[in-house]
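Right, one structure below, let's go through it.
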Amino acid sequence: MLCCMSYREIDKDKEISFDRRYLIKNLISIGILSATIYYIKNKVFILEDIHRYENLFYFIIICIGYYICIAGINYKSIVLMKKEFSAIRKSR
């Protein structure tokens, strides 16, 4: 938000545009993944004290899978961001 506001103050004549397709794609994929996790949580997690380490293991696996799916969906953006970072490092 701060970046957008400062950009707006510096370049008032330029228009700020958001990639709606990128945003909607991410929101839909996060919604589908979250709904899937919500509906399978009762089958995966056991609410007894004995199984807390097993639940922690399942939770870690689900989190890793969740972030891998999001990274896979945004792979093109991640590659472009890495190229930008390498260009910034080379310019210094």
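Computed from a predicted model, the values in this text were never measured in an experiment.
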* CD1 of Ile62 to CG of Leu33: how many Å apart, nearest 0.5 Å? -> 11.5 Å
* Measuring from Met81:CE to Asn74:CG, what's the distance to the nearest 0.5 Å? -> 9.5 Å
* Residue Tyr58 excluded, over 12 heavy atoms near OH under 6.0 Å -> no
* Asked: Hey, what do you get for NZ (Lys25) to CD1 (Ile30), rounding to the nearest 0.5 Å?
  -> 11.0 Å
* Identify the heavy atoms of Ile70 and Ser29 that sit nearest to each other, and give their distance. => CD1-OG, 4.3 Å
* To do: Might you point out which heavy atoms bring Thr36 and Ile32 nearest each other, and give the distance in Å?
  => OG1-O, 2.8 Å
* Asked: Do Ser34 and Tyr38 have side chains that get closer than 4.5 Å, going by heavy atoms?
  -> no
* To do: Hey, could you give me the CD1/CG distance between Ile28 and Leu23, rounded to the nearest 0.5 Å?
  => 9.5 Å
* **Nearest-0.5 Å distance, CG of residue Leu56 to CD1 of residue Ile61** => 10.0 Å
* Separation of Ile37 CD1 from Phe59 CZ (nearest 0.5 Å) -> 9.0 Å
